[in-house]
Amino acid sequence: MSSHDEQVQQRQSNLAELEKLGIEIYPRTFERQHTIAALVEAHGSRTHDELEGEHVTTITSGRILAIRAFGKANFLVVSDGHSKMQAYIRQDALPELDFTIYKLLDFGDWVGIEGRLFRTKTNEFTIWASRVHFLSKCLVPLPEKWHGLTDVETRYRQRYLDLIVNPDSRRVFELRSRIVSGIREFMIARGYLEVETPMMQPIAGGAIARPFVTHHNALDMDLFLRIAPELYLKRLVVGGIERVFEINRNFRNEGISTQHNPEFTMMEFYEAYSDYHALMRMTEEMIAGVATQVLGSDQITFGDHQISLHAPFVRLSLREAAREAASRKLGREIADADLRDRDRVAAIAKELGLEVDPGSGAGKITTEIFERLCEDRLIQPTFVYDFPTEVSPLSKQKPDDLETAERFELYIGGFEVANAFSELNDPAEQRRRFEGQLKNRASGDLEAHAMDEDYIRALEYGLPPTAGEGVGIDRLVMLLTNSPSIRDVILFPLMRTRE
RNA sequence: GAGUCCGUAGCUCAGUGGUAGAGCAUUCGACUUUUAAUCGAAUGGUCGUGGGUUCGAUCCCCACCGGACUCACCA
């Protein structure tokens, strides 16, 4: 028999023995007076003498993370998932039944402990057990206590094991929750209304990406999982909700990487009477503020980098960034006009080793040059602004430069964290943009934006001057928790199923 | 989709063309304040799966499965 099976059998036999004692092996509930975290918080810094004087008794509970047995004196380390503390188990301090129960406990079991707080000779904050209650069995051996669980595949597939034995993993998800709360509070404090818009959409719009397809049986209708909530949120601004936001999942049927999970969380918001410059100021305020609120500082470590999230962030125009990087790489001066000329910029791209799609215009090629040469070097927070209109089908053009849209992306740590623009609200122009996208789609571009007549109709009712933005929550959490992979900040990242 | 690397005990890891090792965990024994408790003993393996080469494969070769990273893709 394998070690694993042997240990399972041993644990099962211990459970059977408990049942023979006549106790309920899966009790329905437990009257806990204090969590371990609350005990540590309230009494964990008391001295030995203070604890003796106060004589605090309590009933608490948690999962056993270690058993140290010395015959008649024994120690359990019990965790409530947040904090842990030790219980002192003495045969002569317990009813006989409870000591029998104790002896049938395994590493990983859930127990309730009744007793009084004290400090041991080695000054460890401890509960001196007067009762031990069995709450639930762990039938399977857990990863060892010292190295924890390092195998990433198991950590992702069986996240509960990761959470049981790796406190750092727990910490990441606690921080994630606080980051999301912080963002939500930030938005609500500014008068934004939180809403939920469809995840299942007849047309997957609002971004340039390939969608997942599904089907509704009763309506006999194909639907797409949304790639963005954008067009629905703007419909709400048309409806008079001048400040609106949504924190929810988007789904994109594309590659998986350390920065991409097929489903990911976006905070997207729209504000009437705003523009992309105002959103830059709001964004740096939000990110610096949330970091300070959650981490106590706007200075972070990300991998090998020290990053300052202190506002203001650097502002860099996309064409300027591409022009400068290409000039440096090629050793000669590239002009802004070169980037706006389809043939000249295509030649530059080829010289830089990029493949140029025949369907790509000057704007798309320039954007590709930027992404190739600049993106992963933007470690300190940088707003890259003024994108080519060609790659921004939902953005408003600059009044004096129709080839350029009032759009920015925020880069931190070498990847994109947010994307924002002044919203295109002219229905006629929006229709022309969609038609341009349809041409791309016809020539094989599977990510080209679909025509959305219903959205154009909404614009015809009048969208006020508006700016909007999407913030990648997972990536922001990566930065603020120093996590190198998006899978480290998503509880259950998508994995291939195992047979 | 391409490339590189990885898969050995429940966990963390060594290792070799001649049927496999450690620590922790587990079991038994000792121990009434331990802190990765300690000490003594024992148990535990289809070396990812399937082929091939070989007298002999966990090791070499091929395919497959799963994973990590890089590239491609992807605002």
Side-chain angles (χ1 to χ4, degrees), chain A residues 1-11 13-14 48 65-77 84-93 106-108 118-126 128 138-157 161 164-166 206-210 227-228 252-262 264 266 318 354-355 364 367-368 370-372 375 384 387-388 391-395 405 407-411 415-421 446-447 449 470 472 475 484-485 487 493 495-499:
Chain A
M1 192 187 314
S2 70
S3 169
H4 176 265
D5 292 348
E6 203 173 87
Q7 292 185 51
V8 170
Q9 201 174 69
Q10 178 61 36
R11 284 160 179 264
S13 140
N14 283 343
H48 174 272
L65 290 189
I67 301 175
R68 290 188 284 273
F70 297 80
K72 288 172 185 149
N74 306 272
F75 298 90
L76 297 179
V77 177
K84 52 190 174 185
M85 71 180 290
Q86 128 178 310
Y88 180 47
I89 311 283
R90 268 180 84 121
Q91 182 163 14
D92 61 12
D106 289 297
F107 175 38
F118 78 112
R119 278 189 184 278
T120 63
K121 277 183 197 163
T122 49
N123 208 32
E124 176 82 7
F125 182 59
T126 304
W128 188 313
C138 176
L139 288 168
V140 190
L142 288 171
E144 68 144 309
K145 58 198 171 189
W146 184 241
H147 296 94
L149 181 66
T150 61
D151 180 72
V152 290
E153 184 174 355
T154 309
R155 287 183 47 225
Y156 299 151
R157 286 190 192 277
L161 290 181
I164 291 168
V165 299
N166 293 333
I208 302 195
R210 294 177 67 176
I227 56 175
R252 297 186 184 176
N253 202 342
E254 285 156 1
I256 295 177
S257 77
T258 50
Q259 278 140 44
H260 299 83
N261 193 62
F264 63 99
M266 186 90 103
L318 184 141
L354 275 70
E355 278 186 37
K364 188 159 187 195
T367 306
E368 281 165 6
F370 161 77
E371 285 171 355
R372 170 63 70 88
E375 182 167 338
V384 175
F387 275 60
V391 296
S392 313
L394 300 163
S395 310
R407 169 178 169 192
F408 72 79
E409 289 184 349
L410 171 61
Y411 287 84
F415 52 80
E416 180 196 342
V417 174
N419 175 28
F421 36 90
L446 294 166
E447 281 104 29
H449 203 290
R475 290 179 178 179
S485 169
R487 295 180 208 101
M495 305 280 275
R496 211 183 280 275
T497 51
R498 295 185 99 168
E499 42 186 58

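Excluded from the calculations below are hydrogen atoms, water molecules and symmetry mates; all remaining heavy atoms, backbone and side chain alike, are included. All values derive from a computational prediction rather than experimental measurement. Residue numbering restarts at 1 for every chain, and letters A, B, ... go by the order of the sequence lines.
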Decide whether Q7(A) and S3(A) meet the rule of one side-chain donor and one side-chain acceptor closer than 3.5 Å. yes

Can you give one letter per nucleotide of nucleotides 28-40 of chain B, 5' to 3': B if a protein heavy atom sits under 4.0 Å from the base, S if only from the sugar-phosphate, - if neither? ---BBBBBBB---

Name the residue closer to the 5' end of RNA chain B, choosing between A207(A) and E6(A) according to the nucleotide with the nearest heavy atom.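 So the residue in question is E6(A).
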
May I ask you to test the F118(A)-H48(A) pair for a side-chain heavy-atom distance under 4.5 Å? no

Given [N], is OP1 or OP2 found less than 4.0 Å from the side-chain N or O atoms of [X]?
X       : N      : answer
R155(A) : G67(B) : no
R372(A) : A72(B) : yes
R487(A) : A68(B) : yes
R496(A) : G67(B) : yes
T150(A) : C13(B) : yes

Whether over 12 other heavy atoms sit under 6.0 Å from Q9(A) CD: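 No - once you tally the heavy atoms of other residues, nucleotides and ligands closer than 6.0 Å, there are 12 at most.
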
[atom1] spacing across the pair [N] / [M], given as an integer number of angstrom:
N      : M      : atom1 : answer
U58(B) : C13(B) : C1'   : 16 Å
U70(B) : U27(B) : C1'   : 47 Å
A2(B)  : A20(B) : C1'   : 36 Å

By nearest atom, which of the nucleotides G67(B), G10(B), C74(B) is closest to the E153(A) side chain? G67(B)

Between C11(B), C69(B), G10(B), which nucleotide has the shortest distance from any of its atoms to the side chain of H4(A)?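 Closest nucleotide among those given: G10(B).
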
Gap between atoms CG and C1', on L149(A) and C13(B) respectively (whole Å): 14 Å

Checking all strands, does T367(A) fall into the base, sugar-phosphate, or nothing category for heavy-atom contacts under 4.0 angstrom? nothing

How is E447(A) classified with respect to the nucleic acid when contacts are heavy atoms under 4.0 Å: base, sugar-phosphate, or nothing? sugar-phosphate

Look at the rings of Y88(A) and W128(A) and say which category their plane angle falls in: under 30° parallel, 30 to 60° tilted, over 60° perpendicular.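 The arrangement is perpendicular - the two ring planes meet at more than 60°.
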
